[in-house]
Amino acid sequence: MRILSVVGARPQFVKLAPVAAACTAAGVDHVIVHTGQHYDELLSDVFFSTLHIPAPDVQLGIGSGSHAAQTGAMLTALEPVLLEHSPDWVLVYGDTNSTLAAALAGVKAHLPVAHLEAGLRSFNRRMPEEHNRVLTDHAADLLLAPTQVAAEHLAREGLAERTHVVGDVMTDVLHQVAASVAGSAPELLRRFDVRAGEFSVATIHRAENTDDRDRLDAILDGLGAVDHPVLLLAHPRLRATGADLARGAVRVLDPLGYPDLVTLISQARGVITDSGGLQKEAFELRVPCTTVRSETEWVETVELGWNQLAEPGQIAAAATRPRPGATSDTPYGDGHAAERTVRALASVS
Ligand code: UD1
């Protein structure tokens, strides 16, 4: 069996890591295509090196652009690559423009397409990611859902027959990495001059938060008003706004590679973010999360008490709330989602 994975943006590299390892273990021929949506060392290369992902077989080098220009360029560039490799499955990940372009290119080439992390919904039609998810799910032949809630969304849209619940592959990689970095915390805390349990880690990069200047200013003021240090890992989209990031409690840092990020979160008092992945990573590491959005796809984190949605003016209070009660629930699976993914692809092909 030949699987062709298409990735392009930071969270997709994290998801690719356990899938690539599971393909190797199962003796599957795995072709990796990188669209080039993310091209910076800190958003791309560092994930391949630290998560031991094989170098991409094909690099399309598309880069940044408007939604239409970026997605269209990917679509054009992907077509000959898919036809040349003629895989049994085109595997697409998550909800970025790379996901949608690959799904469309695949089905138009009459190749079977599988969507990993299918069925997530924010029900917010202002989010580019929401359209990418919905369109990809309806185009794809096989929907690999991370949770029961995601499978229920797909069933309501008439897609139950194409759905397999495999668990969350980000949880696979999180637990592997967390076990391997346990000893590196003291050095990282020294490097960032913070003490365990006395700082928060923040990321803000979603278009709905960065592209409206009044909202962004209110968010940055909210981070600045937190009563303990806030390490803000600044995504290029956030830096590109030109806003004054270093307000009050905020210390501005570059994005971190995955093992350092996991180590830092594991030592933090809290996470403040608009990222999907970080909400889950905080939950899995049992660190309270404050999500600067009005909805979340990862509803289990909120229902179990570990995640709170906050408007900008509520950030400072939410970031100092007491820790919730312990939970042993595992809504994101048992750490073997990637193996289940490869098995599902083998059984359906
Ligand atoms: C994309 C995804 C988002 C995901 C995020 C993870 C879409 C619609 N959005 O958002 O779902 O959560 O990745 O980071 O696909 N830039 C650089 N260097 C890079 C990449 C981007 O400087 O390596 C800058 C460019 O100015 C670019 C901007 O960041 O215009 C936004 O990049 P883009 O890939 O369009 O979207 P992200 O905000 O990263």
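Numbering of ligands and ligand atoms starts at 1, following listing order. Predicted, not measured: the structure shown is a model, and the values here were computed from it.
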Next item on the list: Flag the pair E187 and R190 as a salt bridge only when some basic side-chain nitrogen lies within less than 4.0 angstrom of an acidic carboxylate oxygen.
Entry: no

Item checked: Aromatic ring pairing F123/H153, orientation class (parallel under 30°, perpendicular over 60°, tilted between) -> perpendicular

Note to self: At less than 4.0 angstrom from any non-hydrogen atom of H205, what atoms of ligand 1 do you find?
What the structure shows: 4 (C), 5 (C), 6 (C), 12 (O)

Notebook entry, point to check: Is there a heavy atom in R239 that sits closer than 4.0 Å to ligand 1?
Noted result: no

Margin query: Heavy-atom contact check, 4.0 Å cutoff: does A240 meet ligand 1?
Written below: no

Check: Strictly under 6.0 Å, is that where the ring centroids of H115 and Y93 end up?
Finding: no

Next item on the list: Any atoms of ligand 1 less than 4.0 Å from a non-hydrogen atom of E129? List them with their elements.
Entry: 3 (C), 9 (N), 11 (O)

Notebook entry, point to check: So which of S275, S64, G63 gets nearest to atom 25 (C) of ligand 1, if we judge by its closest heavy atom?
Noted result: S64

Next item on the list: Check whether any side-chain N or O of Q176 sits under 3.5 Å from a backbone N or O of V173 as a donor-acceptor pair, and report yes or no.
Entry: no

Item checked: Sub-4.0 Å atoms of ligand 1 with respect to non-hydrogen atoms of D95 -> 11 (O)

Check: At what distance is the nearest protein heavy atom to atom 8 (C) of ligand 1, and which residue and atom is it?
Finding: N97 OD1, 3.4 Å

Notebook entry, point to check: With respect to atom 14 (O) of ligand 1, which of M127, H38, R237 exhibits the smallest heavy-atom separation?
Noted result: H38

Next item on the list: Just say parallel, tilted or perpendicular for the rings of Y332 and W298, cut-offs at 30° and 60°.
Entry: perpendicular

Note to self: Under 4.0 Å between a side-chain nitrogen and a carboxylate oxygen: does that hold for D172 and R340?
What the structure shows: no

Margin query: For D137, is there an ion pair with R162 - N to carboxylate O distance below 4.0 angstrom?
Written below: no

Next item on the list: Decide, yes or no, whether a salt bridge links D274 with R206 under the criterion of side-chain N to carboxylate O below 4.0 Å.
Entry: no

Check: Can a cation-pi geometry be assigned to R286 and F283, taking NZ or CZ under 6.0 Å from the six-membered ring centre and within 45° of the ring axis?
Finding: yes

Notebook entry, point to check: Tell me, which protein residue and heavy-atom name are nearest atom 7 (C) of ligand 1, and how many Å apart are they?
Noted result: Q37 NE2, 3.6 Å

Check: Which part of P11 is near ligand 1, with near meaning a heavy atom under 4.0 Å away: side chain, backbone, both or neither?
Finding: side chain

Margin query: Among all protein heavy atoms in this structure, tell me which lies nearest to atom 2 (C) of ligand 1, with the distance rounded to 0.1 Å.
Written below: T96 CG2, 3.9 Å

Margin query: Just to verify, what does D168 make a salt bridge (charged side-chain N to carboxylate O under 4.0 Å, His left out) with, not counting sequence neighbours?
Written below: K280

Next item on the list: Distance to 0.1 Å, residue and atom name: give those for the protein heavy atom nearest to atom 22 (O) of ligand 1.
Entry: P236 CB, 3.2 Å

Next item on the list: Return yes or no for this condition: an N or O of H67 is under 3.5 Å from an N or O of ligand 1.
Entry: no

Item checked: Protein residue, atom and distance nearest to atom 17 (C) of ligand 1, heavy-atom basis -> Y39 OH, 3.2 Å

Notebook entry, point to check: ligand 1 versus L43, non-hydrogen atoms closer than 4.0 Å: side chain, backbone, both, neither?
Noted result: side chain

Margin query: So if I count the atoms of ligand 1 from 1 in the order they appear, which ones are less than 4.0 Å from some heavy atom of D40?
Written below: 17 (C), 18 (N), 19 (C), 22 (O), 23 (O)

